Amino acid sequence: MGISRPSRPVLVTTAATAGALLFTTFAPGTATADPTPRPAVREGSPLGADRAAKAPERAAERALGGTGASGLDSGRGRGYPRERKLTVPPENPADKSLKLGLTPYHGIAPKLNALQRVGDRVSVEIAGRSTGGHELYLVTVTAPETAREAARQERMRERIENAPASAAKDKAITSSYKTPVFINNNIHGNEWEGTDAALKLIEKLAKARDKKSRDLLARHRLYFSVTTNPDGRIAGTRANAGGFDLNRDFITASQPEARAVRRIAIDKQPAVMIDLHGYVNGTLIEPTTPPHGENYEYDLFLKNSYANALGMEAAVNGLGYTEEKDGVLPAVIPFRDQEEGWDDWPPIFTPQYMPFHGAVATHTIEFPMQVNNAAYETQPVAELRRRAAINVDIAGAAMRATLDYTQKHRTSVIADQIEVFRRGATGAEQVPVSEETAPGVPGIGPEDVYTTEFPRAYVIPAGRGQRSATAAARLVDHLLANDVRVERATHGFRLGGRTYAKGSYVVDMHQPKRGLANVMLADGRDISDKVSTMYDISGWSLGRLWGASVDTVRGGGLKGVHARVVHAASDVGHVAPRGDLRLRLDDPREVAALNSLLARGITARADGKGGAILPSSARGAAKAAAKKYGVAFDATRAKGREALHRTRVAAAVTPGELFALREMGFDVEPVSTAVLNAGFDWRKADALMVSAGLDRAKLNPAAKSALDAFLAGGGGLVGRGAAGAALNADAGLLAAEPVEGNGDANGVVRVSNAGGTITGGAPGHSFVYSPSWFTDLGPGVRVEQRYGTDDPLLSGHWRATEDGSGGPADAAGRASVVSGSAGGADVVLFGTEPLFRAHPKGVFPQVGRALLSVARS
């Protein structure tokens, strides 16, 4: 068991998806975060101020182009410094940073231009552009390098990853490889101060002449993302211009900002990284409470992260701020000081994603002094600036302490990074964390031990057994974009007791980044009995939820598999040479392709099984769609049923759902209670989707009458969750009683599909977040999908509530998706969460099909 942790109280959180964690200990009258617990703000909650969801359409359009690449310069053939004169944006007096006395976005470029002219240590590159079109600045601070030396450094970096066993013995790497450190700032736009601390540190290092600084820059490369979310920095919002929380977007990388950071992780290969946030008093410094990500080499991670946390704690507390004088509480290290509530289980956060690319110390750091949200509006400017200045000071202390740790332990940090890759490449077993395997870390107990059994390989089959070639290609390209190695079979083969066709994809799990491959493709684990609460999602699986067939091979060798490494998935766009055409609607790209054809006036009919039938006369248009979207049109003799029409959707949904609808090519008009009360022209809509922000009971008489007339006139309804079910009930439509499960539950669930228009050919798994189901179904109500009859939860965290209800046992066998006609409207209701962020892409088409089926003609 080891030394018990002192006290370890449970962490009290205000929001499962928020960055601010609040402790119950506070000093009355001091400048602390609001100590009053508030209801959790969960995915799918109303968007605030009763406003409609907004997301730039071009962001969804970019999603159809694949994972894409950031604008990061590879730097091949170039040394350091790499000076670039940045374009200075126009001054924006509305930039929310100004009120806090911090650097506005338009003020960053002039500072970086000036710093590049100070000596020869500072380089600036454009890592990409934000959803709102703002440049993302990546600053490198290091001693000058010739092009030849930079190329040598790159060869050593590649050798560390690709030949770790020999790299571990390479004295040149030990003596002269520059250890990469990454400092990520302002990924949450209204957590500002890391940007200003970074600018101060960059300036200090650019001018420093002391021996310690010279040695630091001679033996390290320091990378700073100055602001990862300029959209939010300017607007004073947590999310980017698309409404996305970027620190929930890793693994799926639906947003350009996350893809830019992913490129930094791959190309720069940081050994140490910190991510600056707010606001928790006292300063919160990772490592976290259990459960710990089971795909990490956690012994190496904890040893380094805990030691670095101690250094940051000492530096922050050493600034001299006190509760009595400044309202600042001492720093907190959750691993040491808390029982549960702030875990590192899901790979969606930046510091939880970076270890899969070799980082052996990563940290979220939460500043103490709240300046955002209500405080921003209510506190005097002088008080806000006092608090912000303290946060900048604390952020700077954390940065300097991290550099001190890396400088002192440079050799062992790189040795541990090499060991991460070596274990992956050789298929070595993980080393369970203990006080012996993570020396210097006290209080390690059984509750901290999380490991997994890596399979020998994953296979994404080709041929008739594959659900969707489009989905398979999407998944393969996504794996490759994350630097996971994928091979394609040049001959048929047999593996794990199954026979596979030529062209099947193989992910050999003896590879340096096996943890990343596994965290994306594995089923995951039901951890409901491990802890009572989780900070964010507990289950995810691209292998189960992205629509592709993925087989797990547990043992044996791969000698009989003849394959070649691929750098992109094979083109799956195809149009049968003759006859009428059938387009499956099993992937968002296929739905988008259909919508593009309908927009061109192409005739299409439903086939009754979830697909679309097109006449042979549409072959030319189909070829263009096949090329653009990477979809297949097969020959068919079926004639189809009801005609399909271009569907215009009035949507009261979350930003993530809006993004998904636009990715599928729907014309979407965001609505809300306020929008309808202001007068909405229902002639612009064929269907209504409701999941958040629309309450019929709060509509004025004119708006309510207009909504009811739309539904009575054949306008369809797709509802999701409590808000969708409530509108259905209030409008007197489908006879189905919604039952809400535990609101804290989420994960991957087993389902059985009835087939037909909505769920025909759909995956046997879905996703839930605050799950619900339907009982007391009236005549004519069709069950489209049910939760699994045994334990429906495959992976995640789903417990019954304190009274014993609302758990997976109550949901087992219950209707999760229902449909029917009532009051003149066709209705589909979801108790699952089919458009959650970008996690269940293989489930997206269920909503797409539902909208097409309920739309008025």
Side-chain angles (χ1 to χ4, degrees), residues 44-46 50 52-53 647 649-654 657 661 669-673 675-677 680 682 685-699 703-741 743 754 756-759 766 768-787 811 814-835 846-856:
S45 297
D50 202 17
T647 301
V649 183
V653 296
T654 67
E657 290 171 323
L661 293 176
E669 185 75 22
V671 298
S672 66
T673 303
V675 169
L676 298 192
N677 280 335
F680 179 72
W682 284 102
D686 304 306
L688 170 65
M689 181 170 175
V690 176
S691 67
L694 177 54
D695 185 345
R696 184 177 176 277
K698 294 180 180 179
L699 295 177
K704 187 177 294 185
S705 176
L707 170 60
D708 292 346
F710 168 76
L711 295 170
L717 170 66
V718 173
R720 195 271 299 164
L727 188 137
N728 170 75
D730 200 41
L733 299 175
L734 211 60
E737 184 66 28
V739 179
E740 295 186 30
T757 300
I758 309 300
T759 59
S766 191
V768 294
Y769 200 95
S770 300
S772 61
W773 52 92
F774 303 96
T775 61
D776 300 327
L777 305 180
V781 176
R782 172 181 166 85
V783 177
E784 302 285 354
Q785 184 185 86
R786 294 183 184 274
Y787 289 110
R814 298 291 189 177
S816 54
V817 182
V818 296
S819 69
S821 298
D826 290 332
V827 180
V828 179
L829 300 177
F830 287 87
T832 57
E833 185 110 15
L835 302 182
Q846 293 176 29
V847 174
R849 294 178 182 185
L851 288 167
L852 290 165
S853 69
V854 304
R856 62 181 176 186

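Note that these values count all heavy atoms, side chains included, but never hydrogens, waters or copies made by symmetry. What you are looking at is a predicted structure, and each value in this text was computed from that prediction instead of being measured.
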Ignoring hydrogens, what is the shortest heavy-atom contact between [X] and [Y]? Give both atom names and the distance.
X    : Y    : answer
G831 : F774 : N-CE1, 3.6 Å
A825 : L733 : CB-CD2, 4.5 Å
A692 : A723 : N-CB, 3.9 Å
D708 : R696 : OD2-NH2, 2.6 Å
L711 : A731 : CD1-CB, 4.1 Å
V783 : A815 : CG1-CB, 3.9 Å

Spacing of [atom1] belonging to [X] relative to [atom2] belonging to [Y], to within rounding of 0.5 Å:
X    : Y    : atom1 : atom2 : value
S772 : R720 : OG    : CZ    : 8.5 Å
Q846 : T832 : CD    : OG1   : 6.5 Å
K704 : N677 : NZ    : CG    : 9.5 Å
E833 : S816 : CD    : OG    : 13.0 Å
S819 : F830 : OG    : CZ    : 9.5 Å
S853 : D826 : OG    : CG    : 7.0 Å

Looking at N728, L829, V854, which one forms a side chain to side chain contact (heavy atoms under 4.5 Å, CB included) with V718?
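Testing V718 for a side chain to side chain contact (heavy atoms under 4.5 Å, CB included) against N728, L829, V854 leaves exactly one candidate, V854.
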
Might you work through the side chain to side chain contact (heavy atoms under 4.5 Å, CB included) test for L699 and L694, ending with a clear yes or no?
CA-CA 9 Å; L699 295 177; L694 177 54; 4.1 Å; yes

pair [X]-[Y]: side-chain heavy atoms closer than 4.5 Å:
X    : Y    : answer
V768 : Y787 : yes
V671 : L688 : yes
V653 : L835 : no
L676 : W682 : yes
V847 : M689 : yes
L661 : L851 : yes

Donor-acceptor under 3.5 Å ([X] side chain, [Y] main chain):
X    : Y    : value
D686 : A855 : no
S770 : G743 : yes
R814 : W773 : no
T759 : E784 : yes
R786 : A754 : no
T673 : D695 : yes

Run the side-chain hydrogen bond (donor to acceptor under 3.5 Å, both in side chains) test on Q785 and S766 for me, step by step, so that the C-alpha distance in whole Å, both residues' side-chain angles and the decisive distance to 0.1 Å come before the verdict.
CA-CA 10 Å; Q785 184 185 86; S766 191; 4.6 Å; no

